[in-house]
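Remember, it's 1-based here, ligands and their atoms both numbered in the order they're listed.
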Amino acid sequence: MANRVEEVYEEVVRRNPAEPEFHQAVHEVLETLAPAIEKHPHYADYALLDRLVEPERQIIFRVPWIDDEGKVRVNRGYRVEFNSALGPYKGGLRFHKSVNRNIIKFLGFEQIFKNALTAQRIGGGKGGSDFDPHGKSNNEVMRFCQSFMTELYRHIGHLTDVPAGDIGVGGREIGYLFGQYKRLTNRFEPGVLTGKGLAYGGSLVRTEATGYGAVMFAQSMLETRNESFDGATVAVSGSGNVAIYAIEKAQQLGGKAVTFSDSSGWVYDPEGVDLDLLKQVKEVERGRVADYVERKKGAELHTEGSVWDVACDVALPSATQNELNEDNARTLVKNGCKAVSEGANMPSTPEAIEVFQESKILYGLGKAANAGGVATSALEMQQNAARASWSFERAEQELAKIMKDIHDDCLATAEEYGAPGDYVLGANITGFTRVADAMLEHGVI
Ligand code: GLU
């Protein structure tokens with residue numbers, strides 16, 4: 001790293017102790033920026049980098065709620081409004097027991113560059129809670145969401161900050177959050193949240209968008225080497241919204257997805273995943289991966305190792321951060337994997353990324369490859385503003401165009417900086433320059 005960039009990173013570590021994922025996300029971006037700053041030294045003016053790594057606003061609040069036994073429970077709520085240079089803060093809410101300030105800051109920081117890459121004029125933010133929706137009744141989830149929104153509502157708005165879903169927050173939670181926002185503000189303001197139900201202002205394709213987009217990105221990468229999904233064996237991790245729709249799109253393109261996982265284990269289904277069954281188990285019954293194996297002949301449940309032990313042509317990490325380590329990366333490369341496209345946020349460890357880059361495998365990092373979700377959120381905002389609802393075909397076409405543009409922009413930037421095929425450098429510098437140009441025009445704020 002060039003000197004200035006290194007100083008900024010050291011200061012981030014000093015000022016944000018015990019936040020390893022946040023440090024990792026910042027390091028990953030900063031280490032690729034040196035050539036951009038060398039070429040355009042004005043990007044180091046006005047403490048631009050120091051401002052970029054400091055969230056504009058961080059909100060932490062108490063979320064008390066009453067469980068079905070009448071016991072009072074207390075969780076912690078977060079919203080980090082990281083950067084609004086390109087538009088209102090935009091990013092999901094994560095409800096998971098691992099959520100803390102570190103996790104929300106790493107996700108918020110990633111979101112700035114991801115959202116810039118979509119070219120949809122949205123800033124970056126993220127929020128959530130350490131509330132664990134597993135095993136909670138619908139009524140408990142509703143009471144929690146209402147309490148969470150009772151504080152959050154004063155900080156958000158369609159021109160201010162627009163939350164959506166992430167791990168643990170899907171259509172059900174967004175519905176309860178929207179209902180409480182509407183009640184508290186006495187405003188039907190559809191553009192304040194995305195990922196809404198179709199009955200009250202949601203967009204077709206939003207549910208599918210992150211998974212579909214990760215596959216579209218992989219497809220564009222494969223095309224650069226005259227390869228495709230047709231006949232490809234695909235390894236997927238996770239079994240949430242991203243994984244399910246990544247499998248769906250991979251299958252539509254002629255690929256055979258053979259794995260998925262959750263925190264209880266992972267499944268190898270050599271015949272190819274039965275998507276209807278997986279949707280029934282995960283989306284309808286909110287069950288575990290073992291419930292799939294019980295009903296599908298030939299499918300194996302594993303608790304040792306990981307989905308990355310299965311030989312595949314394309315890997316789609318779609319579970320969570322740091323789920324794919326150096327050993328997993330070496331196994332993928334050894335088994336002849338051609339492309340990795342990240343549906344999750346920061347799923348590969350820095351050591352794993354190094355392995356991918358050394359081996360010259362096609363590697364699409366999350367902030368580019370999984371931008372389809374938030375891009376379609378922006379399309380939802382666009383429809384809400386116009387009081388319009390697009391067809392599935394139209395929304396999917398727009399998504400495909402955005403993903404293609406992100407891919408091509410990353411490649412062009414990589415080429416410009418003498419690193420052809422380096423999507424990491426391409427994505428980080430493209431996203432950074434868009435945000436930096438706007439920040440410099442706004443003055444020191
Ligand atoms: N949580 C998703 C992400 O990581 C989507 C955010 C949004 O739609 O605002 O990008």
Using a strict 4.0 Å cut-off to heavy atoms of [X], name the atoms of ligand 1 that fall inside it.
X	result
S377	7 (C), 8 (O), 9 (O)
K126	1 (N), 3 (C), 4 (O)
A164	7 (C), 8 (O), 9 (O)
R206	5 (C), 7 (C), 8 (O)

Suppose we call two aromatic rings close when their centres sit under 6.0 Å apart. Are [X] and [Y] close by that rule?
X	Y	value
Y292	F260	yes
F82	Y89	no
F144	Y176	no
H407	Y423	yes

Write out the residue and atom name of the closest protein heavy atom to [atom], then the distance separating them to 0.1 Å.
atom	value
atom 9 (O) of ligand 1	K90 NZ, 2.7 Å
atom 10 (O) of ligand 1	K114 NZ, 2.8 Å
atom 6 (C) of ligand 1	G92 N, 3.5 Å

E110 to ligand 1, any heavy atom closer than 4.0 Å: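 No, E110 has no heavy atoms under 4.0 Å from ligand 1.
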Less than 4.0 Å is my threshold; does some heavy atom of R94 fall inside it relative to ligand 1?
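It does not, in that no heavy atom of R94 comes within the 4.0 Å cut-off of ligand 1.
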Could you check whether K136 makes a cation-pi contact with F131, meaning its NZ or CZ is under 6.0 Å from the centre of the six-membered ring and within 45° of the ring axis?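 That pair qualifies as a cation-pi contact.
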Does F188 have K182 sitting over its ring (NZ/CZ under 6.0 Å from centre, angle to axis within 45°)?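 Not flagged: K182 not positioned over aromatic ring of F188.
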Exercise. Just jot down the side chain to side chain contact (heavy atoms under 4.5 Å, CB included) partners of M439, sequence neighbours excluded, or say none.
Key: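 Only L48, R51, L52, N83, A85, V435 meet the side chain to side chain contact (heavy atoms under 4.5 Å, CB included) criterion with M439.
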task: Tell me which part of N370 gets within contact of ligand 1: side chain, backbone, both or neither, using heavy atoms under 4.0 Å.
output: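 The answer is neither.
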Item to check | All pairs passing salt bridge (charged side-chain N to carboxylate O under 4.0 Å, His left out) where residues 254-263 contributes a residue, at least two apart | outcome: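 Matches after skipping sequence neighbours: D262-K282, D262-R288.
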What I want to know is whether G165 and ligand 1 share at least one N or O pair that is separated by under 3.5 angstrom.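 Between G165 and ligand 1, an N or O pair is found under 3.5 Å apart.
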